[in-house]
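Structure first, commentary second.
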Amino acid sequence: MLKRSLRWKTLVPLAVVVAGLSVLASSSFASSKAGVVRVAIMTDCKGAFGFGYEPDIGGAEAAFATFAGGKATDPKKPSAGMTGTTAGGKDIKIVGYGCGNDTVPLAVTETKRLMEQLNADVMIGPLSGDEAVSVANYAKSHPTKTFIIGTAGSQDPTLQIAPPNVFRYHGDGAQWNAGTGEIAYRLLHWRKAAIIMDDYSFGWTSAAGLIADFCAMGGQIVKRVFPPLNTTDYSPYIRQLPPPGSVDGYFWVIGGTGTGASLKAYEQAYGKTEPQKFIGNLFFAFLGNFAEVAPRLSGAYVGGFGTAPGLKTAAAKKYEASVAKVFPGLNGGNYADGFVYNYYNAAWALVQGLTKSKGELGSKLQASLPRSIKPGYQVSSGGVVKLDSNRQAIQDQWPLQIQKGADGKLTTAVVGYVPNVSQSFGGLFTKESPPPGRSQPPCKKTKTPWQGKIKVVKNGIVTSKLIK
């Protein structure tokens with residue numbers, strides 16, 4: 001009798017556990033059948049790129065509004081949220097916004113909060129390079145979750161790491177600079193240059209594109225200088241650069257709040273900046289730095305952001321109008337900023353994937369995410385951006401120049417067109433090669449696929465004329 005009683009007491013809790021598990025399973029199944037896709041948008045609200053918070057969110061939500069019926073809660077504040085978004089027969093619920101500061105520790109904390117505590121199924125983001133490296137490594141151990149990079153440009157996430165649940169519908173930092181080093185060599189006749197770059201994964205990747213492009217033509221990089229991200233006093237690093245009389249020019253890869261500060265430090269050390277001796281990466285033209293940079297460097301060339309401000313095509317005008325309709329004046333009306341554009345394309349791709357998968361998640365969604373999209377600033381291949389086998393965009397690139405507009409005000413103009421730039425940069429970068437770093441890539445003469453083929457862009461129109 002005692003044995004039977006003990007046995008009964010043992011079976012009761014087991015029955016409760018089994019029943020509980022059944023309830024949980026049923027609840028999970030019911031939640032899935034209820035039709036909610038839980039989405040997180042990861043970006044920065046602090047640090048060097050904290051000003052990208054609303055533009056990033058606004059870009060993603062503008063796509064949700066345009067292609068999935070979403071309605072912004074506040075047209076002046078994207079982070080106020082969005083309602084009514086649906087795709088593939090499922091409601092899209094934005095469960096949270098990541099608040100990073102361009103560092104790995106906070107990116108990891110915020111990613112776990114969004115994906116584990118708030119139980120997001122999909123993340124759009126992050127913003128910055130080291131953050132994307134950490135997210136790609138996180139994605140490897142969470143294969144049922146899907147990650148679409150927001151606007152981070154480090155190479156590693158989709159080349160050296162490249163988990164199958166990570167997608168990127170824009171170029172990396174090296175791709176964005178395609179053609180810019182050739183402009184330095186051909187148009188400015190640089191032969192020896194120094195480069196200063198933020199000392200983290202995006203700075204290295206962005207610099208790698210400039211180095212590879214310039215050295216491919218026969219140019220030499222005589223010095224590389226590496227101030228840490230978020231440096232406030234740049235004077236010790238500027239003093240490491242060779243003086244202006246000993247080089248033809250400088251490639252400048254300092255971003256966020258450091259762009260203006262580093263140029264001021266140069267002026268204190270060496271005097272007035274000369275536009276023909278400076279080429280910047282995207283930070284000379286985007287991310288809120290233009291007002292500080294432009295008066296100093298009118299006429300200077302700038303690497304691109306995968307976008308083409310002022311491009312006069314139907315697709316470009318349609319994209320810009322769609323953002324303006326949802327969030328008028330977002331990012332000061334600069335919808336061609338990659339902060340807005342890249343998050344927009346990421347969210348648009350997600351809507352397409354959910355539509356094709358009929359709202360199914362995990363591997364079904366990952367198989368359904370588009371391997372090509374037709375975004376605003378793509379001209380080659382009929383306006384189609386294709387993903388490579390690592391789910392990384394092969395994208396047109398647009399070298400820029402700081403110029404005076406028709407109204408006499410300084411503006412950024414597209415001056416070159418480099419079609420279909422791949423992440424491999426013509427075979428220079430591979431999965432087996434080390435990711436860009438302080439000494440990578442080496443400076444060596446080679447041949448890029450676009451060498452001698454970069455077309456001139458004038459007044460927003462791609463011409464048949466080649467840059468010579």
Side-chain angles (χ1 to χ4, degrees), residues 129 132-133 136 149 151-162 166 168-186 190 193 195 197 200-221 224 251 253 279-282 301-307 338 342 377-378 380-381 385-400 416-455 467:
V133 174
I149 294 174
T151 198
S154 49
Q155 184 186 88
D156 323 29
T158 53
L159 188 57
Q160 286 82 12
I161 305 171
V166 170
R168 180 156 50 186
Y169 291 89
H170 61 78
D172 68 15
Q175 288 173 268
W176 290 334
N177 286 327
T180 310
E182 185 168 338
I183 286 173
Y185 193 92
R186 287 182 181 272
W190 290 11
I195 188 164
M197 67 187 85
Y200 77 120
S201 58
F202 174 71
W204 303 330
T205 302
S206 183
L210 292 165
I211 292 167
D213 208 56
F214 182 62
C215 293
M217 298 295 299
Q220 298 178 46
I221 300 295
R224 306 182 191 203
F251 290 113
V253 190
I279 288 179
N281 70 343
L282 63 94
Y301 289 94
V302 183
F305 206 171
T307 68
N342 293 332
Y377 301 123
Q378 183 81 2
S380 64
S381 305
V385 163
K386 296 180 181 179
L387 301 192
D388 65 18
S389 60
N390 289 330
R391 299 153 305 283
Q392 163 65 43
I394 302 168
Q395 185 185 38
D396 289 349
Q397 302 304 331
W398 307 92
L400 311 168
Y417 162 64
V418 189
N420 283 332
V421 178
S422 70
Q423 189 175 41
S424 72
F425 228 70
L428 177 64
F429 303 115
T430 68
K431 187 176 181 65
E432 291 71 35
S433 65
R438 287 185 162 207
S439 60
Q440 294 292 332
C443 184
K444 60 181 182 180
K445 188 172 182 179
T446 180
K447 188 172 178 62
T448 61
W450 51 87
Q451 202 170 96
K453 300 176 183 177
I454 304 172
K455 289 186 178 179
I467 288 179

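Predicted model only: the values in this text are computed from it and were never measured.
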Show the nearest heavy-atom pair for residues [X] and [Y], with the distance to one decimal.
{"X": "Asp156", "Y": "Pro435", "answer": "OD2-CB, 3.5 Å"}
{"X": "Gly179", "Y": "Ile454", "answer": "CA-CD1, 3.5 Å"}
{"X": "Arg186", "Y": "Ile467", "answer": "CD-O, 4.1 Å"}
{"X": "Val385", "Y": "Ala393", "answer": "CG1-CB, 3.8 Å"}
{"X": "Ser201", "Y": "Ser154", "answer": "OG-CB, 3.5 Å"}
{"X": "Ala178", "Y": "Val418", "answer": "O-CG2, 3.6 Å"}

State whether the side chain of [X] and the backbone N or O of [Y] hold a donor-acceptor pair below 3.5 Å, judged by distance alone.
{"X": "Asp388", "Y": "Gln392", "answer": "yes"}
{"X": "Asp213", "Y": "Glu182", "answer": "yes"}
{"X": "Arg391", "Y": "Val166", "answer": "yes"}
{"X": "Ser206", "Y": "Gly203", "answer": "no"}
{"X": "Arg168", "Y": "Ala152", "answer": "yes"}
{"X": "Thr151", "Y": "Gly338", "answer": "yes"}
{"X": "Gln155", "Y": "Ala174", "answer": "no"}
{"X": "Gln175", "Y": "Gly153", "answer": "no"}

Find the distance between [atom1] ([X]) and [atom2] ([Y]) and round it off to the nearest 0.5 Å.
{"X": "Glu432", "Y": "Leu159", "atom1": "CD", "atom2": "CG", "value": "8.5 Å"}
{"X": "Thr430", "Y": "Gln160", "atom1": "OG1", "atom2": "CD", "value": "7.5 Å"}
{"X": "Tyr169", "Y": "Leu387", "atom1": "OH", "atom2": "CG", "value": "5.0 Å"}
{"X": "Leu282", "Y": "Trp176", "atom1": "CG", "atom2": "CH2", "value": "6.0 Å"}
{"X": "Leu210", "Y": "Cys215", "atom1": "CG", "atom2": "SG", "value": "10.0 Å"}
{"X": "Asn177", "Y": "Ile183", "atom1": "CG", "atom2": "CD1", "value": "10.5 Å"}

Validation row: [X], [Y] side chains within 4.5 angstrom (heavy atoms):
{"X": "Pro441", "Y": "Phe429", "result": "yes"}
{"X": "Ile211", "Y": "Phe251", "result": "no"}
{"X": "Thr448", "Y": "Met217", "result": "no"}
{"X": "Thr446", "Y": "Leu428", "result": "no"}
{"X": "Phe305", "Y": "Leu400", "result": "no"}

All ring-ring contact (aromatic ring centres under 6.0 Å, His included) counterparts of Tyr200, not counting sequence neighbours: none
Pair [X], [Y]: side-chain N/O donor-acceptor within cut-off below 3.5 Å:
{"X": "Thr205", "Y": "Asp172", "result": "no"}
{"X": "Gln395", "Y": "Gln378", "result": "no"}
{"X": "Asn420", "Y": "Trp450", "result": "no"}
{"X": "Asp396", "Y": "Ser380", "result": "yes"}

Are the ring centres of Tyr185 and Trp190 closer than 6.0 Å? no
Would a line drawn from the ring center of Trp398 to the ring center of Tyr377 be shorter than 6.0 Å? no
Step by step, would you call Ile279 with Thr180 a side-chain contact (heavy atoms from CB on, under 4.5 Å)? CA-CA 8 Å; Ile279 288 179; Thr180 310; 3.4 Å; yes
Trp204 and Arg438: CA distance, side-chain angles, deciding distance, side-chain contact (heavy atoms from CB on, under 4.5 Å) verdict: CA-CA 7 Å; Trp204 303 330; Arg438 287 185 162 207; 4.3 Å; yes
Does a sphere of radius 6.0 Å around NZ in Lys431 hold more than 12 heavy atoms from other residues, nucleotides or ligands, not counting ones at 6.0 Å or beyond? yes
